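Okay, structure first, notes after.
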There are 2 protein chains.
Amino acid sequence: MFRVRNFSSRPRSAARLERELARIPDVLKEQVDRIAEAIIYLYTESRRLTKDQAAKHGLTGPQLTVVKILDELGDLSLSELSDRIRAQNSTVTGIVDRMEREGLVDRKRSAEDRRVVHIRLTDKGHKLARQLDFEPFSIFRHALQQALEPAELVQLLALLDKLARWVRREVEETAGARAKKRASNDD
Amino acid sequence: MFRVRNFSSRPRSAARLERELARIPDVLKEQVDRIAEAIIYLYTESRRLTKDQAAKHGLTGPQLTVVKILDELGDLSLSELSDRIRAQNSTVTGIVDRMEREGLVDRKRSAEDRRVVHIRLTDKGHKLARQLDFEPFSIFRHALQQALEPAELVQLLALLDKLARWVRREVEETAGARAKKRASNDD
DNA sequence: CGGCGATGTTTCGTGTGCGAAACTTCTCTT
DNA sequence: AAGAGAAGTTTCGCACACGAAACATCGCCG
């Protein structure tokens with residue numbers, strides 16, 4: 001089992017990548033494209049629907065996610081929140097700014113470590129959270145449960161998991177090769 | 001909110017379906033969450049890598065996509081381009097603005113219909129396109145081929161396809177029920 | 001011909017999303 | 001204890017991304 005030294009191909013490895021791609025029969029290439037398309041479709045559609053749902057309560061998509069997470073887990077530091085929603089700190093700062101402006105959350109400097117800021121749902125935020133019949137990406141989950149058999153779910157997870165693990169390993173490897181400081185924050 | 005059961009398309013024992021609707025075992029719920037997470041991960045990671053690739057040529061992710069599409073298909077109207085990259089016209093206007101500023105494309109008003117604008121790759125744009133060894137989301141495709149066996153690819157596609165079809169049908173249905181003017185423009 | 005709805009594009013306002021730089025606080029080393 | 005460096009957050013500049021409204025043009029219908 002050979003592996004690709006450099007996942008994100010720079011010009012040097014272009015030939016090699018092309019050689020590898022060429023080895024795959026056209027039928028499979030077709031399948032691969034359709035898989036990619038399906039994943040993209042599922043992701044974007046789910047996001048759009050989440051946004052629609054959020055709009056009904058005067059929220060944006062990410063804001064709804066934050067409300068749900070804080071309601072479920074309690075106060076979180078900004079970094080913890082960033083990890084949860086898989087966004088950069090600078091992005092979350094903006095989201096929290098706007099939510100604070102709307103009176104949904106507030107910030108409280110930590111006593112133990114004065115660098116960290118705890119994000120906390122206000123009463124208004126908690127009230128809103130209780131009204132939300134809705135989990136982020138719940139449409140997605142709902143779809144999974146409705147569209148597939150339990151056995152198929154297990155199968156699908158196994159395949160996606162294998163794929164995700166491969167990508168994760170590959171990304172970390174090239175990140176290491178590039179000597180980037182990008183730490184691997186696993187779930 | 002979600003009316004689901006289409007008995008017509010899936011002849012299945014009512015008892016079983018009801019059991020599924022009633023309560024999904026926790027084990028499966030867990031699986032469902034992890035599937036969602038995997039898909040989100042794969043999508044965002046692929047996007048990030050595409051962006052990295054584009055940056056090597058002084059482009060952004062969407063701009064790389066536009067260059068590739070125009071190089072392959074020739075001139076397109078802005079609307080056609082929007083359809084291709086699945087974005088709103090207003091979004092593409094901005095992308096084209098910046099690419100025009102960089103001298104990668106230019107706009108030409110159509111003679112037949114003076115409302116439409118043709119987007120065209122400049123020489124510089126074509127030259128750049130030839131340097132790009134890289135297809136949008138090719139990393140994704142590459143990963144699929146490296147990480148999974150052909151048989152697994154087929155399996156994965158079947159499952160995702162089933163899932164995507166279900167979602168598509170559901171979205172169209174609820175969109176129709178809400179009597180929104182949002183026309184379903186399918187591929 | 002003249003109006004009028006449909007179509008194609010842009011403008012505007014707002015909200016993500018990212019990376020680099022600035023800033024504050026903590027921690028470790030000497 | 002001073003200073004170097006790490007860690008947490010914010011600021012800044014940029015590029016999407018979307019929907020609503022403005023604008024221009026087309027097509028049709030009377």
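Heavy-atom basis, side chains included; hydrogens, waters and symmetry copies ignored. Keep in mind it's a predicted model, so treat the numbers as computed, not measured.
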Under the side-chain hydrogen bond (donor to acceptor under 3.5 Å, both in side chains) test, residues paired with B:Gln155 that sit two or more places apart: none

Run the salt bridge (charged side-chain N to carboxylate O under 4.0 Å, His left out) test against B:Glu102 and tell me which residues pass, sequence neighbours left out. none

Integer-rounded Å distance: C:dG19 P and B:Lys56 NZ: 15 Å

Angle separating the five-pair end axes of the helix from C:dC1-D:dG30 to C:dT30-D:dA1, nearest 10°, is 0°

Report the residues that fulfil side-chain hydrogen bond (donor to acceptor under 3.5 Å, both in side chains) with B:Ser82, sequence neighbours left out, ordered by chain and then residue number. B:Asn89

Backbone N or O of B:Thr122 within a donor-acceptor pair of the B:Lys127 side chain at under 3.5 Å? no

Using whole Å, report how far NZ of B:Lys51 lies from P of D:dC16. 9 Å

Got a sec, which residues hit side-chain hydrogen bond (donor to acceptor under 3.5 Å, both in side chains) with B:Arg115, two or more places apart in sequence or on another chain? B:Asp113

Is the distance from OP1 or OP2 of D:dC16 to the nearest side-chain N or O of B:Arg86 less than 4.0 Å? no

Tell me every residue that passes salt bridge (charged side-chain N to carboxylate O under 4.0 Å, His left out) with B:Arg114, counting only those two or more places apart in sequence or in another chain. none

Please report, rounded to the nearest Å, how far the C1' atom of C:dG15 is from the CZ atom of A:Arg47. 11 Å

Starting at CZ of A:Arg48 and ending at P of D:dC16, how long is that distance when rounded to a whole Å? 22 Å

So, using salt bridge (charged side-chain N to carboxylate O under 4.0 Å, His left out) as the criterion, who are the partners of A:Arg165 when residues are at least two apart? A:Asp161

Could you tell me how far apart A:Gln88 (CD) and C:dA21 (C1') are, to the nearest whole angstrom? 15 Å

When the distance from CD1 of B:Ile95 to C1' of D:dC18 is rounded to whole Å, what number comes out? 12 Å

Pairing residues for A:Lys162 by the salt bridge (charged side-chain N to carboxylate O under 4.0 Å, His left out) criterion, not counting sequence neighbours: B:Glu152

Could you give the CG-to-P distance, from B:Asp75 to C:dG8, as a whole number of Å? 18 Å

Please give, in whole Å, the distance from C:dT9 P to B:Asp83 CG? 10 Å

Taking only N and O in the side chain of A:Gln63, is any of them less than 4.0 Å away from OP1 or OP2 of C:dG15? no

If you find the nucleotide of DNA chain C closest to A:Arg98 and the one closest to A:Ala111, which residue's nucleotide is nearer the 5' end? A:Arg98

Heavy-atom protein contacts under 4.0 Å, nucleotides 2-12 of chain D, coded B base, S sugar-phosphate only, - none: ----BBSBBB-

Under the salt bridge (Lys or Arg N to Asp or Glu O under 4.0 Å) rule, what do A:Arg34 and A:Glu37 come out as? Steps first, then yes or no, please. CA-CA 5 Å; A:Arg34 287 181 57 196; A:Glu37 218 171 287; over 6 Å; no

